[in-house]
Amino acid sequence: MAELVLFHHALGVTPGIRALADQLRAEGHTVHVPDLYRGHVFERLDEGVAFSKDIDFDQRAEEAINDMADGVVYMGISLGVMAAQKFAQTRRGAKGAVLISSAVKPEEFGTPWPRKVPLQIHMMEKDEWVQGYDLDAAHELANSVEGAELFLYPGDRHLFVDSSSPDYDEAAAADLKERVLRFLA
């Protein structure tokens with residue numbers, strides 16, 4: 001079974017984030033969910049994004065994984081993709097990455113995507129938060145990383161995998177979970 005770190009989105013560690021982690025644990029995986037907001041949870045993305053700028057989000061993410069062994073899969077949702085992708089690209093021994101509702105062009109982290117680090121990306125096709133840069137980055141990654149999988153779901157919701165978010169899409173979240181479990185196997 002896999003060990004993974006799930007980095008939360010801009011709303012913080014919501015009940016939906018906890019539920020997703022619990023679903024993966026129920027399948028036998030070890031899931032760490034660092035609370036980079038240290039208990040703060042927001043109802044609106046713009047509030048959470050503003051808060052993330054007031055704290056040292058990157059430093060907190062670094063601290064969260066500092067003592068972890070090699071062989072970890074990094075998973076991030078929206079804002080959490082920044083940390084997940086950075087560590088998958090730059091940390092020795094990364095086992096894989098799952099990026100949900102965001103993606104960054106690999107050059108942002110000063111290094112190409114590492115060979116033999118599997119990648120899976122999930123987004124909704126018409127999500128206004130990913131139009132442009134994120135969607136372009138997702139396509140670039142999918143086209144340049146050997147074996148990468150890009151899944152585009154119908155719809156326009158951003159936090160579609162978070163069951164506590166108004167953006168939640170049960171069918172898309174179920175498909176995502178099935179695909180992630182296959183990836184982790």
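For clarity, every value in this text was computed on a predicted model and none was experimentally measured. Below, each value reflects all heavy atoms present in this structure, side chains not excepted, and no hydrogens, waters or symmetry copies. Residues: numbered from 1 along the sequence shown.
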Close side-chain approach of [X] and [Y], heavy atoms under 4.5 Å:
X    : Y    : result
T14  : S165 : no
M124 : V130 : no
W129 : L45  : yes
I65  : R91  : yes
L11  : L79  : no

> Do L20 and D162 pass the side chain to side chain contact (heavy atoms under 4.5 Å, CB included) test, and can you show the C-alpha distance, the side-chain angles, and the key distance before you say yes or no?
Replying inline: CA-CA 7 Å; L20 176 59; D162 183 336; over 6 Å; no

Is [X] reaching over with its side chain to a backbone N or O of [Y], donor-acceptor style, under 3.5 angstrom?
X    : Y    : value
E146 : V117 : no
D134 : S102 : no
Q120 : A97  : no
R60  : P34  : no

Please give me the minimum heavy-atom distance between [X] and [Y], naming the atom from each residue.
X    : Y    : answer
K95  : P118 : O-CD, 3.1 Å
S144 : E140 : OG-O, 2.8 Å
G76  : A84  : N-CB, 3.5 Å
A88  : W113 : CB-CH2, 3.8 Å
F57  : S52  : CB-O, 4.0 Å

When rounded to the nearest 0.5 angstrom, what distance separates [atom1] in [X] from [atom2] in [Y]?
X    : Y    : atom1 : atom2 : result
I100 : Y153 : CD1   : OH    : 8.0 Å
L141 : L119 : CG    : CG    : 5.5 Å
S164 : E43  : OG    : CD    : 10.5 Å
E107 : Q89  : CD    : CD    : 9.0 Å
H122 : L152 : NE2   : CG    : 10.5 Å
I77  : I17  : CD1   : CD1   : 3.5 Å

Please determine whether residues [X] and [Y] belong to a single hydrophobic cluster, defined as Ile, Leu, Val, Met, Phe, Trp and Tyr linked transitively by side-chain heavy-atom distances below 4.5 Å.
X    : Y    : answer
V104 : L159 : no
L184 : F151 : yes
V73  : M82  : no
F7   : L24  : yes
M123 : V145 : yes

> Between V13 and V41, is a side chain to side chain contact (heavy atoms under 4.5 Å, CB included) present by the stated rule, with each step listed?
Replying inline: CA-CA 7 Å; V13 180; V41 177; 5.6 Å; no

>> Any salt bridge linking D35 with R38? Criterion: basic side-chain nitrogen under 4.0 Å from a carboxylate oxygen.
In response: no

>> I'd like to know if E62 pairs up with K86 as an ion pair, taking the criterion as any Lys NZ or Arg NE/NH1/NH2 lying under 4.0 Å from an Asp or Glu carboxylate oxygen.
In response: yes

> Does a sphere of radius 6.0 Å around CD in E170 hold more than 12 heavy atoms from other residues, nucleotides or ligands, not counting ones at 6.0 Å or beyond?
Replying inline: no

>> Taking NZ in K105 as the centre, count heavy atoms belonging to other residues, nucleotides or ligands within less than 6.0 Å. Is the count above 12?
In response: yes

Looking only at side chains, do [X] and [Y] share a donor and an acceptor under 3.5 Å apart?
X    : Y    : result
E27  : Q23  : no
D127 : H158 : yes
H8   : Y37  : no
H32  : E3   : yes

> Can we call the ring centroids of Y168 and F160 under 6.0 Å apart?
Replying inline: no

> Would F87 and V72 satisfy side chain to side chain contact (heavy atoms under 4.5 Å, CB included), going step by step from the backbone distance to the final call?
Replying inline: CA-CA 10 Å; F87 298 136; V72 174; over 6 Å; no

>> Could you go through Y74 and V98, starting from their C-alpha distance and side-chain angles, then the distance that decides it, and tell me whether this counts as side chain to side chain contact (heavy atoms under 4.5 Å, CB included)?
In response: CA-CA 6 Å; Y74 297 100; V98 177; over 6 Å; no

> Hey, which of L99, L6, V31 is the one that makes side chain to side chain contact (heavy atoms under 4.5 Å, CB included) with M75?
Replying inline: L6

